[in-house]
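This report concerns only the one structure given below.
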Amino acid sequence: MRVGLLGLGRIGEFHAATLSSLVDELVVSDADAARVAAVAEKYGATTGDPFDADAVVIATPTSTHAELLIRACDKGVPAFCEKPAAPTVGETLEVVDAVERSGTMVHIGFQRRFDAGYTAARQALLDGELGDLHRVHMLTGDPAPPPAGYVAQSGGIFRDCHIHDFDILRWVTGREVETVYAIGSNRGADFFAAAGDVDNSAAVLTLDDGTLVTMQGSRYNGNGYDVRMELAGTRATWAVGLSARSPLHSADGLTPHGDPWPDFQTRFEDAYVAEMGAFLAAARGERESPCTARDALAALYLAEAADLSHREGRPVALREVTA
Ligand SMILES: NC(=O)c1ccc[n+]([C@@H]2O[C@H](COP(=O)([O-])OP(=O)(O)OC[C@H]3O[C@@H](n4cnc5c(N)ncnc54)[C@H](O)[C@@H]3O)[C@@H](O)[C@H]2O)c1
């Protein structure tokens with residue numbers, strides 16, 4: 001396969017490394033010509049029009065995603081795009097429309113769907129091993145805050161960070177969220193508040209079968225990168241992300257003994273690689289899109305509801321933002 005890759009920054013270079021061993025020809029592109037030259041040389045890639053290919057991978061900043069996805073649809077080129085599909089609901093709806101009108105295979109990059117732990121927990125739930133699911137707890141802790149400039153254009157912690165929790169909640173449980181009540185606090189750098197954002201977050205959600213969900217997030221989880229989920233059912237409780245590398249100290253002596261996960265790249269390395277393999281299989285028509293533009297829209301609606309709830313200090317029914 002000849003595959004184009006747009007955007008060679010933090011995540012784009014990681015995808016370049018993966019793709020270079022999976023495809024016949026990798027065509028790299030970036031707004032920064034020096035990045036293009038460096039990445040092309042490092043991974044034996046060529047340069048040129050990334051849309052002149054059998055498939056395209058989009059890893060540019062979020063503000064560019066909708067335009068590039070719509071271009072891929074217009075050209076009928078199967079596309080992978082890093083999350084989110086677009087920064088706003090309006091643009092995401094335009095992407096959904098372009099995808100569904102053109103019939104182009106589009107895969108949005110929520111890599112937790114390819115993590116071994118989440119995959120096993122989802123299967124156990126489907127197989128009835130947990131019994132009836134009654135409660136879920138989710139946690140995403142970044143070890144250190146992103147730069148001020150990133151925060152200012154990120155859309156806030158619910159759209160930028162918790163969007164992964166919202167997607168994986170729907171995927172693992174197979175349920176939809178009905179209500180969200182979200183709160184946040186500013187305990188760290190002033191630039192979070194200046195951007196209208198928070199650096200710690202919590203939320204209570206209810207699913208359409210009555211399952212209760214709690215969620216926490218932090219930009220100051222100093223001991224490492226902590227992403228976990230607990231699923232409590234009538235027969236068993238499963239934990240995802242509780243491992244020897246969890247950045248967690250147990251007061252009861254069950255202290256994980258490995259190096260704590262330092263960042264998302266190492267925590268989800270295997271998932272990112274599996275995700276790219278699945279995308280290429282979908283681009284060849286061997287499977288359906290593992291995460292559609294409509295899935296991305298559903299996750300964004302949850303982020304919108306959480307953001308509205310936090311700003312207005314009240315529970316928000318999902319239908320308020322989807323109407
Ligand atoms: N799935 C995940 O866990 C995950 C992790 C990190 C980032 N992301 C997403 O990936 C995207 C990129 O994030 P990043 O942290 O790699 O950003 P980055 O700023 O490190 O890299 C972006 C790159 O895109 C280039 N670029 C900008 N505009 C371009 C254009 N129009 N055409 C071609 N190249 C262009 C820039 O020069 C830069 O090299 C974001 O949407 C982000 O939300 C997802």
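Every number for a ligand or one of its atoms is a count from 1 in the order of the listing. Here, residue 1 is the first one in the sequence, and each next residue gets the next number. Computed over heavy atoms, backbone and side chain alike; hydrogens, waters and symmetry mates excluded.
Closest heavy-atom approach to atom 37 (O) of ligand 1 within the set Asp30, Asp32, Asp263: this belongs to Asp30. Remark: among candidates Ile11, Asp160, Val36, Thr60, the nearest residue to atom 16 (O) of ligand 1 is Ile11, based on non-hydrogen atoms. For atom 43 (O) of ligand 1, the nearest non-hydrogen atom from the set Lys83, Glu82, Arg159 belongs to Lys83. Ranked by closest heavy atom to atom 22 (C) of ligand 1, the top entry among Gly7, Pro87, Pro84, Pro61 is Pro61.
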Test side chain to side chain contact (heavy atoms under 4.5 Å, CB included) applied to His65 and Ile58, step by step: CA-CA 7 Å; His65 289 182; Ile58 299 166; 4.1 Å; yes

Check step by step if ring-ring contact (aromatic ring centres under 6.0 Å, His included) holds for His310 and Tyr181. CA-CA 7 Å; His310 167 243; Tyr181 179 42; 9.9 Å; no

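When non-hydrogen atoms are compared, ligand 1 lies under 4.0 Å from the side chain of His65 (C-beta onward) but not from its backbone. Contact annotation: for Tyr272 versus ligand 1, heavy atoms closer than 4.0 Å belong to the side chain alone. For Phe264, every heavy-atom contact with ligand 1 shorter than 4.0 Å involves the side chain, none the backbone.
The protein non-hydrogen atom at the shortest distance from atom 21 (O) of ligand 1 is Gly9 CA, 3.2 Å. Among protein heavy atoms, the minimum distance from atom 20 (O) of ligand 1 is reached at Arg10 N, 3.0 Å. Nearest to atom 34 (N) of ligand 1 among the protein's heavy atoms is Ala31 N, 3.1 Å. The closest protein non-hydrogen atom to atom 31 (N) of ligand 1 is Thr64 CG2, 4.0 Å.
Arg267 and Asp226 are not joined by a salt bridge, as no carboxylate oxygen comes within less than 4.0 angstrom of a charged side-chain nitrogen. Taking the charged nitrogens against the carboxylate oxygens, Asp167 and Lys83 have no contact shorter than 4.0 Å, which rules out a salt bridge.
Using a 4.0 angstrom heavy-atom cutoff, Glu13 does not count as in contact with ligand 1. At a 4.0 Å cut-off, not a single heavy atom of Phe110 sits close enough to ligand 1 to count as contact.
For atom 39 (O) of ligand 1, the nearest protein heavy atom is under 4.0 Å away.
Within ligand 1, the atoms closer than 4.0 Å to a non-hydrogen atom of Gly109 are 1 (N), numbered from 1 in the order shown. The contact set between ligand 1 and Gln111, taken as ligand atoms under 4.0 Å from a residue heavy atom, comprises 1 (N), 2 (C), 3 (O). Those atoms of ligand 1 with a heavy atom of Thr62 less than 4.0 angstrom away are 40 (C), 41 (O), 43 (O).
Around atom CD of Gln265, more than 12 heavy atoms belonging to other residues, nucleotides or ligands sit under 6.0 Å away. Atom CZ of Arg2 has more than 12 neighbouring heavy atoms from other residues, nucleotides or ligands inside a 6.0 Å radius. By the neighbour-count criterion of 12 heavy atoms within 6.0 Å, atom CD of Glu312 is densely surrounded, having more than that number from other residues, nucleotides or ligands.
Thr211 contributes a side-chain N or O that, together with a main-chain N or O of Leu133, makes up a donor-acceptor pair within less than 3.5 Å. Side chain of Arg35 to backbone of Leu8: a donor-acceptor contact under 3.5 angstrom is found.
Cation-pi geometry between Arg10 and Tyr150 is met: under 6.0 angstrom from the ring centre, within 45 degrees of the axis. Judged by the 6.0 Å distance and 45° axis criteria, Arg112 is not positioned over the aromatic ring of Trp171.
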